[in-house]
Amino acid sequence: MTASTRDIAADRRRAGRTGGHVPLRDYAVIGDGRTAALVAADGSVDWLTIPYLDSPSVFAAVLDPRDGGCFQLEPTLSYTVERRYLPGTNLLETTYRTAHGAVRLTDALTLPDSPPLAPGGELVRRLEGLAGSVPMHWSVRPRFDYGRHPARFSLRAGVPVAAHGRNALAVSSWGAGPPIVSDDAVSADVTLSSGESALIAVPFAHQEPLVLPARSDCEQRLVRTRDRWRSWAGARTYEGRWREAVQRSALVLKLLVFAPSGAIAAAATTSLPEWPGGERNWDYRYSWVRDSAFTLQVFLHLDCLAEAHAYFWWLMQASQLTHPRLRVLYRLDGGPHARERVLPLSGYLDSRPVRVGNAAVDQVQLDTYGELLQTAWLYAKDAATLDRDLARRLAEIADFVCAAWRRPDSGIWEVRSAPAHFTQSKMMCWLALDRALDLAEHGIIPARHAARWRQERAAARTFIETRCFSARLGSYTRAAGSEDLDAAVLLGVLYDYGGPDNPRLRGTVDAISAGLRHGPYVARYSGEDGLAGPEGAFLACSFWLAEAVARTGRVEEATELMNELVDLANDVGLYSEETDPATGAFLGNLPQALSHLALIRAALAISTATPEASP
């Protein structure tokens, strides 16, 4: 894979969509640290929420082509498409080629000037004629509040403006043809010849005056946005294998960081299905404690120190609200509630229900305590200290784990079947107590209850070793007393469960590779989960396997798998949550932070791994 241009499809037009939908693999993402948009290969902006990433959508054609709203832009002739991100940026460049000429489109959610955290934003789309003469058509059809309220346009200083409730957006255009305003859309036709340019801007605002920009201001913000992304990307220090993929993944993660708080969203979207037509459709626009240790470690390794510190203190503040218990996920503003409800949208490829909110917030997932203590341990190693109040809270969390680890839970995969004694949850409880003991031994957190932590750590390991290991499989299993496999148990290898020389971990890697892997794809688990229908292969699991193989000394094998996985990205270097192993089609929400976090971790591990000595 390379994040450079390539041919996407010939003669796409709108007929290239299946029932109005494009393949998820054909989406790219742009963002400004507050919200994000999905741009299809045919140039349609099919997803945008305002003012923030977890706010209601104004474009949601990815979930409902008829009623979701979108911003279409494409030639009126048959065409082919090439796409790329401008190097070192999150600005998307799409080049249309027709029999009569070529046009380049540059898309960005521009980074704000000042104030930097104002609850508004701006989508800018710049068109340039490259050769010949190309007729273009564009249409902006907003639908507020997840498609439930069609726009009604009025004119302000001659500029079309749509408003609903506290939200408003404008459609400003220069050189893009005379706009035609209807009740619920603004559209125009324009023919661009070589050397000509046009600009369309969609500024939006929430609870504040809507500012109508001048063309020169938009052009300057576009340039400044490009330069700021390049400056940020240029400061990343990774020089190992798969550098392009690591840099693109870092840019994706930065795009998913919610600037007002420092939280990182699991994905930019909601309810994109884990299988077409199925019910496994979830809202991922929240921040999961599950991802915290990976997030902090990646930020520290890539010298994203500002992001690491902001994220860590956001997590500490959010978790304080529910101390000592942890929510599975928190809103991007740190709130602990995310009520799940169903929207009246048709769903991607008729995959229903379409959900916002996430009922997993109320589940018990014991693995989160290990992730949180691992995150604090990583931060303390970097900062060499923690403040007294936080140190006390971490010790109290270790006390809570001592009392809670024997309970069944819903596990890392948030199953909607009955709680069980999931192996990975028990391993993460072991990790929580192990990291608490290390912090206490270094005088970073109070050691008053260290003897109890040590005792319960040993008890947790005894439980795992006696009830969660299958001699027949030579592997740790999905849950106590089960013979099912679970790729999440690979995290035991990644976190050195039981110490770096635990002989059972290599057998677990081999069993998961044999039982859950199909080519480069790895399924999450075998067995029931309380939901109907299949799902795709979970991409993070594939990267976990590559890292685990490297950590067990088989660097050449890990490198071979990693090369295959890097090639699974779409043409602009993005990964979704899951993939259909039979077709390579993207499934689930995208871009998926955990997929990109796992890629970076695997690249780091393989690049620094030492091959196992020959016997």
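Computed from heavy atoms alone, side chains included, the values below leave out hydrogens, waters and symmetry copies. This chain uses plain numbering: 1 for the first residue, then up along the sequence.
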Between Y238 and H301, is the gap from one ring center to the other below 6.0 Å?
-> no
Can you run down the ring-ring contact (aromatic ring centres under 6.0 Å, His included) pairs that involve residues 320-343, sequence neighbours left out, and say none if there aren't any?
-> none
Which pairs, with at least one residue in residues 428-461 and sequence neighbours excluded, count as a ring-ring contact (aromatic ring centres under 6.0 Å, His included)?
-> W430-Y497
Return the set of residues passing side-chain contact (heavy atoms from CB on, under 4.5 Å) with A308 (not counting sequence neighbours), or none when no residue passes.
-> L296, F299, L300
Would the distance check show the side chain of [X] and the main-chain N or O of [Y] forming a donor-acceptor pair, the cut-off being under 3.5 Å?
X: R25; Y: A569; value: yes
X: D46; Y: A60; value: no
X: Y369; Y: L326; value: yes
X: D409; Y: L366; value: yes

[X]: ring-ring contact (aromatic ring centres under 6.0 Å, His included) partners, not counting sequence neighbours:
X: Y284; answer: W288
X: F312; answer: Y379
X: Y495; answer: none

Pair R290 + E371: basic N to acidic O under 4.0 Å =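 Answer for the salt bridge query: no.
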Can you see which heavy atom on A151 is nearest to which on A162, and at what distance?
-> CB-CB, 3.7 Å
Provide the full list of salt bridge (Lys or Arg N to Asp or Glu O under 4.0 Å) pairs with a residue in [range], sequence neighbours left out, each pair given once.
range: residues 305-322; answer: K254-E307
range: residues 332-342; answer: R331-D333, E340-R355, E340-R416
range: residues 436-452; answer: E441-R454
range: residues 524-538; answer: E274-R524, R280-D529, R524-E535

Partners meeting side chain to side chain donor-acceptor pair (under 3.5 Å) with W405 (sequence neighbours left out) |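 Side chain to side chain donor-acceptor pair (under 3.5 Å) check on W405 returns E456.
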Quick one: side chain to side chain donor-acceptor pair (under 3.5 Å) partners of S319, sequence neighbours excluded?
->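 Scan of S319 (side chain to side chain donor-acceptor pair (under 3.5 Å), adjacent residues dropped) gives R393.
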So among F422, W282, F538, which one has a ring-ring contact (aromatic ring centres under 6.0 Å, His included) with W413?
->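 When ring-ring contact (aromatic ring centres under 6.0 Å, His included) is applied between W413 and each of F422, W282, F538, only F538 qualifies.
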Should Q365 and S410 be marked as a side chain to side chain donor-acceptor pair (under 3.5 Å) after you check the CA-CA gap, both sets of side-chain angles, and the distance that decides it?
-> CA-CA 6 Å; Q365 291 184 26; S410 296; 6.0 Å; no
For atom CZ of R166, is the number of surrounding heavy atoms from other residues, nucleotides or ligands below 6.0 Å larger than 12?
->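 No, the 6.0 Å shell around CZ holds no more than 12 heavy atoms from other groups.
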Passes ring pair (Phe, Tyr, Trp, His ring centres under 6.0 Å), Y575 versus H596? Steps please.
-> CA-CA 7 Å; Y575 294 87; H596 288 276; 5.3 Å; yes
